[in-house]
Structure formats: C-alpha cells, structure tokens
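Read through the structure below, which is laid out as structure tokens, and then see the notes.
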There are 2 protein chains.
Amino acid sequence: MLETVTRMKTANAREALLEPARKADSEKRGRKASKEVRQLQLIEATIDSLARRGYSETTMADVADGAGLSRGIVNFHFESKEKLLVATLQHMYDEYSAHWRNALQRAGDEPANQLHALVCADFDRSICNKRKLAAWCAFWGEAKSRPTYQALSSARDAVYQTIFIDLCASLKQSGGYAYEPQVMALALSAMLEGLWLRLMMGTEDTTRETALQAANEFLSVAFPKHYPLKAAVKP
Amino acid sequence: MLETVTRMKTANAREALLEPARKADSEKRGRKASKEVRQLQLIEATIDSLARRGYSETTMADVADGAGLSRGIVNFHFESKEKLLVATLQHMYDEYSAHWRNALQRAGDEPANQLHALVCADFDRSICNKRKLAAWCAFWGEAKSRPTYQALSSARDAVYQTIFIDLCASLKQSGGYAYEPQVMALALSAMLEGLWLRLMMGTEDTTRETALQAANEFLSVAFPKHYPLKAAVKP
DNA sequence: ACTTACTGAATGAATGTTCAACAAATGATG
DNA sequence: CATCATTTGTTGAACATTCATTCAGTAAGT
C-alpha cells in the first residue's frame with residue numbers, strides 16, 4: 001500500500017538473510033520471509049531506533065517503520081516490547097561474546113598476544129561503532145532498574161573478567177611484576193569500558209584510533225616487559 | 001538561572017538539603033516553603049526516581065509523590081518534565097564540579113598530590129554512591145540522542161580533561177616518563193569513568209574500595225617515581 | 001486585599017496491545 | 001495439474017492505558 005508490492009520468493013529471502021540491515025525499501029514489505037529473517041530484521045531496526053532516539057523514545061511504531069513493516073508485526077514475532085528489547089540485548093551480547101572469543105582463539109598460546117588481541121577486539125569496527133555503542137549505552141542506562149537487563153548488560157561479564165585476571169596473573173609471573181592480578185584486571189577492563197563510553201558520547205577528541213592508542217599505552221606501562229614502549233601509532 | 005537554584009543558602013534550604021529524601025508526611029505537604037527549597041526538593045526526588053526506576057520509568061507523578069506533593073507541582077516550579085530533568089542534570093553537574101575543584105584546591109601545589117586528590121575525590125562517598133551513580137547512568141543512556149544533555153552529561157568535561165593532561169605533563173617532566181600526556185590522561189580518565197560504570201552496575205565484585213585500589217594501582221604503574229608501589233590506602 | 005504557592009480533577013496526546021480480516025505459501029485431493 | 005483447504009505471516013484500525021499538561025479553585029502568607 002505504501003509501497004509497490006512485489007513478489008518475493010525464496011531467493012529474495014536468502015538475500016535478505018545475508019543483508020539483514022539493508023534499507024531496501026522495495027521488496028521488504030512484500031510477503032513472506034522466514035521467521036528468523038524477520039526477527040533479525042526487527043532486531044536490527046530496534047538497534048537503529050535505540051541509537052537514533054534513545055531508549056525512552058524507542059517505540060514499537062518506530063521499529064516497525066524502520067523495518068518497513070506494519071504496526072502489529074512486532075507483537076506477532078515477539079510477544080511484547082519488553083521481549084523485543086531483551087532479544088535485542090541478547091543478540092548484541094551474543095555477537096560481542098562471539099567476537100572476543102574468536103579473537104582470543106586466533107591469538108595463539110602466548111598470554112601477551114592473547115591480552116593484546118582482546119584489547120584490540122574491543123575496538124574493532126564491527127563491534128565498536130556509533131550505532132552499536134549507542135545501543136549498548138541505552139541499555140546501560142536502564143540496566144540498574146531492570147533485573148532482566150542486568151545480567152546481559154555488562155558485556156564484559158564474569159567469564160571475560162576471569163580470563164582477564166588469568167592473563168594478568170600469567171604476565172605477572174613471566175614478567176616479575178608486583179601488582180595484584182585481580183586489581184590490574186579490574187583497572188584494565190574498566191578503562192576499556194570507559195573508552196567505550198567516551199566514544200559513544202561522541203566528544204570529537206576521542207576516536208577509535210586514539211582510544212586504542214590509550215589502551216595500548218596502558219598495556220605498555222602496566223606490562224613494560226611484554227609491550228615495550230615505542231611508537232606503535234601514527235599521527 | 002539554573003545555577004542560582006542550586007546556590008541558595010537560607011536556613012530552611014539547608015535543612016531540606018541535609019534531609020532531602022525524608023518521607024516526612026507531616027509538615028511537607030503543608031504550605032509554604034521558599035521557591036528554592038521546593039525546587040531542590042523536587043530535584044532530589046527526581047534523582048531518587050531515576051535511581052529507583054530508571055529514566056524511561058520516571059514520571060512526574062512519581063517525582064511529586066516522592067516529594068510528598070501534589071501532581072501539578074512540577075509544572076508549577078519547572079515548566080515541563082524536560083526542564084525538570086535538565087535542571088536535575090545541571091544540579092548534579094554543579095555538585096560534581098564543585099567537589100573536584102575543592103579537592104584540587106586542598107591538594108596544594110604538588111602535581112602528584114593534585115592528581116591523587118582528583119582520583120580520590122571521584123570515589124568519595126558524597127559523590128560516588130548508588131543513588132547518584134544510577135542517576136548519572138540514566139542520563140548517559142539518553143545523552144547521545146539529546147543535545148541538551150550531551151554537554152552536561154560527561155561529568156568530566158573539557159576543563160577537567162585539560163587539567164588531567166597538564167598534570168600528566170608535569171609528572172612526565174619531573175619523573176622522566178616516556179608517554180604522551182594526552183594519551184595517558186585519556187587512559188586515566190576513561191578508567192575512572194569505567195570504574196563508575198562498574199560500581200553502578202552493582203556487580204558485587206566491585207566496591208568503592210576496590211575501585212579506588214584499582215585507580216591507585218594505575219597511578220603506581222603509570223607514575224612509579226611519584227607513587228611508589230606498596231600498600232595502597234584509603235583517605 | 002492581594003499575591004504567591006499549591007491542589008487535583010479534567011484533558012488530550014502518545015503508545016503498547018489486541019484482533020478480525022486478509023494474503024501468501026503449503027498441502028491435500030481429484 | 002487445477003482446485004480447494006489449511007496453515008502461517010501480515011495488516012491496520014480499534015482499544016485501553018499511561019502520562020504530561022492545563023487550569024479553575026483554594027489556602028497560606030503578607
């Protein structure tokens with residue numbers, strides 16, 4: 001009605017699966033697509049809305065419009081707004097989790113490389129961009145008063161923290177440092193989150209590059225034997 | 001205008017300031033109180049509501065109830081909900097700003113002492129408590145999509161950051177360190193914000209004491225000549 | 001008497017949810 | 001293969017609720 005209706009077959013559905021966030025305004029409002037595709041599509045539209053308007057201004061209508069679908073659609077695929085938001089948070093959590101686990105695996109067995117890989121992973125474009133950071137922050141703002149969000153909202157959860165502590169302990173032993181691993185791991189992970197917050201706020205003095213630079217500087221002063229200080233960056 | 005609200009000093013105002021969250025159902029709903037007292041009272045009730053229910057669930061009715069006043073009261077003292085929230089954020093900003101400026105002034109002329117004082121100030125009970133942190137985070141979650149909040153929402157603003165950079169530069173010179181002051185200042189201030197975020201989330205592994213400990217550990221590894229590593233202590 | 005602070009019911013706008021109707025895919029049947 | 005039946009996905013209007021705002025009225029202070 002709003003747009004011309006075109007027949008959409010399985011080929012198009014597959015295409016939509018590969019490009020779920022596309023703005024394609026032509027075929028989307030068509031007919032069928034697999035349940036998973038539609039849900040993904042709605043979740044992406046939710047992230048968009050969160051990033052654009054913030055948590056409190058994100059409405060079902062805006063999500064539906066953003067996906068190019070009708071108003072009632074969200075309640076069909078997700079039971080309620082609340083459940084849509086939980087699913088969205090879960091999706092972001094899964095994505096983030098998979099990302100750092102993958103980075104860790106590719107880093108080999110050397111603890112110093114592993115820690116560096118984790119730090120770098122945090123500032124990867126696929127994870128660390130305005131849209132996603134804004135969505136994360138929208139959830140953070142509500143997490144304290146919503147038990148359901150709390151568990152998922154700290155992207156860097158207990159497992160992540162444990163790995164950080166273990167890595168710090170390894171480096172301490174091999175480098176002969178004096179600090180307490182738990183304390184250093186807390187300082188490090190807190191700094192990473194703080195840099196995210198800075199990036200999200202969008203003060204122009206902090207970019208993804210300078211944030212990564214600051215994180216590396218931290219590694220250099222905390223673990224000088226493993227990350228010798230020199231110019232790792234360019235202007 | 002908004003600043004004058006937070007800067008009032010009648011006897012009644014001070015009394016209300018000391019016991020802002022009081023439930024007193026007897027005298028409050030009574031009749032008169034100075035305009036400033038009422039506004040302060042409503043701002044405190046707003047912080048309560050933000051901390052208890054989060055930004056999106058904070059309603060005018062809840063604020064009015066929390067203050068023990070009638071429904072229409074907020075629109076009388078503040079023109080709208082939006083303006084109430086801006087005034088609340090401004091109030092928190094002023095308070096935070098005054099706090100670290102005061103700490104800086106008391107620290108004397110030694111840069112090392114000044115930096116340490118700023119770090120400690122961040123974890124002072126009067127500033128760093130569940131209620132206030134939750135309110136900060138509520139605003140952070142909305143800041144990106146609200147220009148009005150953006151300027152005020154980064155409690156540690158441009159001035160603060162400049163002071164950090166200058167202090168890092170001073171310490172670099174007197175200690176002969178190799179880092180770039182800007183980068184180190186960013187790492188440090190980001191870590192402080194990240195620790196706040198942790199505290200706010202309320203994961204039980206992070207307390208005000210362990211957060212301060214982590215911050216001091218950072219100072220020790222970044223500026224070893226100025227903060228020799230040993231028992232990190234509290235004020 | 002006059003001003004100022006305050007009340008609380010009324011109002012209207014915004015928004016999440018429901019649902020009856022509809023359309024597309026799939027399956028069944030001859 | 002054509003036709004009908006059933007299931008599944010989708011729509012959009014109607015509904016109910018929540019909530020910010022308004023305002024006429026009231027009471028306290030001066």
Side-chain angles (χ1 to χ4, degrees), chain A residues 1-14 16-17 25 27-42 45-46 49-50 53-88 142, chain B residues 5 8 10 12-13 16 24-42 45-46 49-50 53-88 142:
Chain A
M1 197 160 245
L2 293 173
E3 300 154 25
T4 58
V5 173
T6 62
R7 305 287 148 94
M8 184 172 182
K9 299 277 168 111
T10 52
N12 281 341
R14 171 162 310 187
L17 183 64
D25 29 19
E27 326 87 312
K28 270 209 185 142
R29 203 185 190 87
R31 304 299 165 208
K32 287 263 175 87
S34 81
K35 218 155 185 156
E36 292 87 27
V37 170
R38 271 289 125 87
Q39 293 190 350
L40 240 258
Q41 184 184 356
L42 289 170
T46 305
S49 184
L50 287 171
R53 330 207 323 168
Y55 186 99
S56 68
E57 302 272 300
T58 288
T59 66
M60 302 285 262
D62 192 52
V63 170
D65 290 353
L69 296 169
S70 72
R71 296 298 161 90
I73 195 69
V74 178
N75 286 294
F76 176 78
H77 284 289
F78 303 88
E79 193 174 329
S80 64
K81 183 184 185 184
E82 175 73 15
K83 289 188 178 164
L84 167 69
L85 290 168
V86 170
T88 301
E142 295 292 318
Chain B
V5 169
M8 37 94 267
T10 72
N12 281 342
D25 27 19
S26 51
E27 327 85 315
K28 270 212 186 140
R29 202 183 190 87
R31 300 308 159 200
K32 285 266 174 85
S34 83
K35 216 156 185 156
E36 291 86 28
V37 171
R38 270 290 125 86
Q39 293 189 350
L40 236 266
Q41 185 184 354
L42 289 169
T46 305
S49 184
L50 287 171
R53 331 206 323 169
Y55 186 99
S56 68
E57 303 271 303
T58 287
T59 66
M60 302 284 261
D62 194 51
V63 170
D65 290 352
L69 297 168
S70 72
R71 295 297 160 90
I73 194 69
V74 178
N75 285 293
F76 177 77
H77 284 289
F78 303 87
E79 193 175 328
S80 66
K81 183 183 184 183
E82 176 72 15
K83 290 187 177 164
L84 167 70
L85 290 168
V86 170
T88 301
E142 296 291 318

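The figures here come from the full heavy-atom set of this structure, side chains too, leaving out hydrogens, waters and symmetry mates. In what follows, chains are A, B, ... by sequence order, proteins preceding strands, each numbered from 1.
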Subject >> Side chains of A:Y55 and A:L85 in contact at under 4.5 Å (non-hydrogen atoms) >> reply: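 Yes, close enough: below the 4.5 Å cut-off.
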**OP:** List for me each residue that meets side-chain hydrogen bond (donor to acceptor under 3.5 Å, both in side chains) alongside B:T58, sequence neighbours excluded, and say none if there are none.
**Re:**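 Partners of B:T58 under the side-chain hydrogen bond (donor to acceptor under 3.5 Å, both in side chains) test: B:S49.
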**OP:** Mind checking side-chain hydrogen bond (donor to acceptor under 3.5 Å, both in side chains) for B:T59 and listing every partner two or more places apart, or none if nothing turns up?
**Re:**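 B:T59: no side-chain hydrogen bond (donor to acceptor under 3.5 Å, both in side chains) contacts found.
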Round to the nearest Å and state the distance from [X] atom [atom1] to [N] atom [atom2].
| X | N | atom1 | atom2 | result |
| --- | --- | --- | --- | --- |
| A:H77 | D:dT8 | NE2 | C1' | 10 Å |
| A:K83 | C:dT17 | NZ | P | 10 Å |
| A:I73 | C:dT17 | CD1 | C1' | 14 Å |
| B:L69 | D:dT26 | CG | C1' | 16 Å |
| B:D65 | C:dG8 | CG | C1' | 12 Å |
| B:F76 | D:dG25 | CZ | P | 18 Å |
| A:Q39 | D:dT10 | CD | P | 10 Å |

Original post:
Any idea which of C:dA5, C:dT7, D:dT11 is nearest the B:K35 side chain?
Top reply: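 Of all the options, the side chain of B:K35 is nearest to C:dA5.
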**OP:** Without swapping roles, check the side chain of B:E142 against the backbone of A:S56 for a donor-acceptor pair under 3.5 Å.
**Re:**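 At least one qualifying donor-acceptor pair exists.
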Original post:
Which residue pairs pass the salt bridge (Lys or Arg N to Asp or Glu O under 4.0 Å) test when at least one of the two sits in residues 71-80 of chain B, sequence neighbours left out?
Top reply: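 Residue pairs with at least one partner in residues 71-80 of chain B: B:D65-B:R71, B:E79-B:K83.
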Subject >> Minimum heavy-atom distance A:Q39-A:H77, with the two atoms named >> reply: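 In terms of heavy atoms, the two residues are closest at NE2-O, 3.5 Å.
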Original post:
What string of B, S and - do you get for nucleotides 16-23 of chain D, 5' to 3', when a contact is any protein heavy atom under 4.0 Å?
Top reply: ---SSBB-
